[in-house]
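The structure appears right after this line, and notes come after that.
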2 protein chains.
Amino acid sequence: MKLQKETKESAKAERAHGVWYDDACGTAFALELIGERWSLLIVRELMLGARRFSDLRASLPGISAKVLTDRLEGLEAAGVLLRRKLPPPAAAQVYELTEWGYLAEPAIQELGRWAARSPAHDPRLPLSPVSLMLSLRTMIDHAAARALAATIAFDVGGERFLARLAGGELAIARAADGDPAPDFTVTTPVALPFLRVVYGKQPLGEVMAEGELTVTGDRDLAERVFALFALPPKCG
Amino acid sequence: MKLQKETKESAKAERAHGVWYDDACGTAFALELIGERWSLLIVRELMLGARRFSDLRASLPGISAKVLTDRLEGLEAAGVLLRRKLPPPAAAQVYELTEWGYLAEPAIQELGRWAARSPAHDPRLPLSPVSLMLSLRTMIDHAAARALAATIAFDVGGERFLARLAGGELAIARAADGDPAPDFTVTTPVALPFLRVVYGKQPLGEVMAEGELTVTGDRDLAERVFALFALPPKCG
DNA sequence: CAGAATCCCATTCGATACTG
DNA sequence: CAGTATCGAATGGGATTCTG
């Protein structure tokens, strides 16, 4: 009886550290770190830089304060992110991925690439600004992109990013003060109209005529850049 | 009141279909498909071919019959796997990944590769035979492997596989009757001793002297093949 | 606004027992 | 062997409240 109780208690303690699977497999260990509901989506939202509690809440429709708090604690304990106090006068607290946390991007991309091939995937749900930017980096045709270079400013629902296309890679960062002038600027209140252009291959003029999406600057370059993106073929 | 109740009920119904995140992001959708506890590990166990209920239970220490049943249902509904009746006289039921299910391997690999870089990863826990084989395919140095070709038979705790190294790739399948004669054979009751050789870089002779691991056949080729594998560098 | 603390119900889990 | 049935316990997560 005693023994059984101790076993149960230690099992409980292990669970608190996130030890569910007794398995040396790296994939199983990954699931102990980021396999809880919401965890990986929080990591995704941090992938383009530090964010505040309320930013995260706003980007993750449906998450509660409690759950977000719990997950941030868990991810911090796992070494995936750090909690950092901004220097005064901002004095806000932000959450930022560790160096190793940032290395999770390929895994996130592979999962997304795989799921996008499901016949059941519905690309018309809402998409956070960060997700949109990451999806571009995931779905770009690297080979074709080598032939192009561009500096692109994005404003998605007020969140601003600067993307630099060069050498077949798309580097993305949050917009900052010293940013160079972009070749063109994409402005849209929500992701969907832009998705219809890059993945739905709807003509840019048509979507712009609806009034939500605007592209200013080198429109011709923009069209050639947008042609670089495509969803993977559906399977089954 | 009425409205609230309906909202709750529809939320419940959605949850039953696995709609947790209201998010077009492919990663979020992937998590709806394979993000439940155990789901991705079940997929991993099926990655090298169809298995039975009891095989899966044996390979996933700690999973209960109920949870395994639930997950198999969910994964079948998601289109990740199929339940198939073997023709008589075997007449057993097996679970097998769909074509699209098999495409999840890169995502599983990226997760494993990432998690293996955590300082907290403990590679001395038990490892299922399938995990061991998949980890080899994940951690091989493709560039260096191009210089070698080999046919290798594995017997890990009674589960037998045939691996073919060629063109920098490691193809792995369960052993079958018409298999060609291997260049060498690796036999071990559990994964650990073999892990110590390929990832711990412990001398093969030393590990074999302990008596658990045996390598028969072209021992020299074996040593050169084993040198192709390495864990990614720890981070932080 | 950022988050901790509490409450509480629904779901989930795992153990055990049972069945064709 | 391949699950199903049942049940108590643990957990999860939403709502609300409180604090700095």
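Note on naming: letters A, B, ... go to the chains in the order of the sequence lines (proteins, then strands), and numbering restarts at 1 for each one.
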Measure the distance from [atom1] on [X] to [atom2] on [N] and round it to the nearest whole Å.
X	N	atom1	atom2	result
B/E36	D/dG13	CD	C1'	15 Å
A/I63	D/dG14	CD1	P	8 Å
A/D70	C/dT6	CG	C1'	13 Å
A/E76	C/dA4	CD	P	10 Å
B/D55	D/dA2	CG	P	7 Å
A/W38	D/dG12	CH2	C1'	13 Å

### Task
Determine: side-chain N/O of A/R37 to OP1/OP2 of D/dG12, distance under 4.0 Å, yes or no.
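False: A/R37 side-chain N/O out of range (4.0 Å or more) of D/dG12 OP1/OP2.
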
### Query
Taking OP1 and OP2 of C/dA2, is either one under 4.0 Å from a side-chain nitrogen or oxygen of A/S54?
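Answer yes for this pair, as a side-chain N or O of A/S54 is under 4.0 Å from OP1 or OP2.
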
### Message
Any base atoms under 4.0 Å from B/S64, or only sugar-phosphate, or nothing? Heavy atoms, all strands.
### Response
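Counting heavy atoms under 4.0 Å across all strands, the contact made by B/S64 includes a base.
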
Qualifying residues under side-chain contact (heavy atoms from CB on, under 4.5 Å), relative to [X], sequence neighbours excluded:
X	value
B/P61	none
B/E99	A/C235
B/A30	A/L111, A/W114, A/A115

### Task
Take atom CZ of B/R174 as the centre, draw a 6.0 Å sphere, and report whether it contains more than 12 heavy atoms from other residues, nucleotides or ligands.
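More than 12 within 6.0 Å, yes.
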
### Query
Can you tell me if CZ on A/R117 sees more than 12 non-hydrogen neighbours from other groups inside 6.0 Å?
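Atom CZ in A/R117 is packed in, count exceeds 12.
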
### Closest heavy-atom pair and its distance - B/R137, B/I172
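Heavy atoms of B/R137 and B/I172 come nearest at NH1-N, 3.5 Å.
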
N/O to N/O distances under 3.5 Å, protein versus nucleotides 3-6 of chain D:
residue	atom	partner	partner atom	Å
D/dG3	OP1	B/Q93	NE2	2.9
D/dG3	OP1	B/Y95	OH	3.3
D/dG3	OP2	B/Q93	NE2	3.4
D/dG3	OP2	B/Y95	OH	2.8

### Query
Using the C1' atoms of five pairs at each end, what's the angle between the two axes of the helix from C/dC1-D/dG20 to C/dG20-D/dC1, to 10 degrees?
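Between the first-five-pair axis and the last-five-pair axis there is 40°.
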
### Message
Any salt bridge linking B/E212 with B/R196? Criterion: basic side-chain nitrogen under 4.0 Å from a carboxylate oxygen.
### Response
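No.
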
### Query
Is B/R44 salt-bridged to A/D23, going by a charged N under 4.0 Å from an acidic O?
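So B/R44 pairs with A/D23 through a salt bridge.
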
### Query
Looking at residues at least two apart in the chain, or sitting in another chain, which of them share a salt bridge (Lys or Arg N to Asp or Glu O under 4.0 Å) with A/E76?
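A/E76 satisfies salt bridge (Lys or Arg N to Asp or Glu O under 4.0 Å) with A/R83 once adjacent residues are dropped.
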
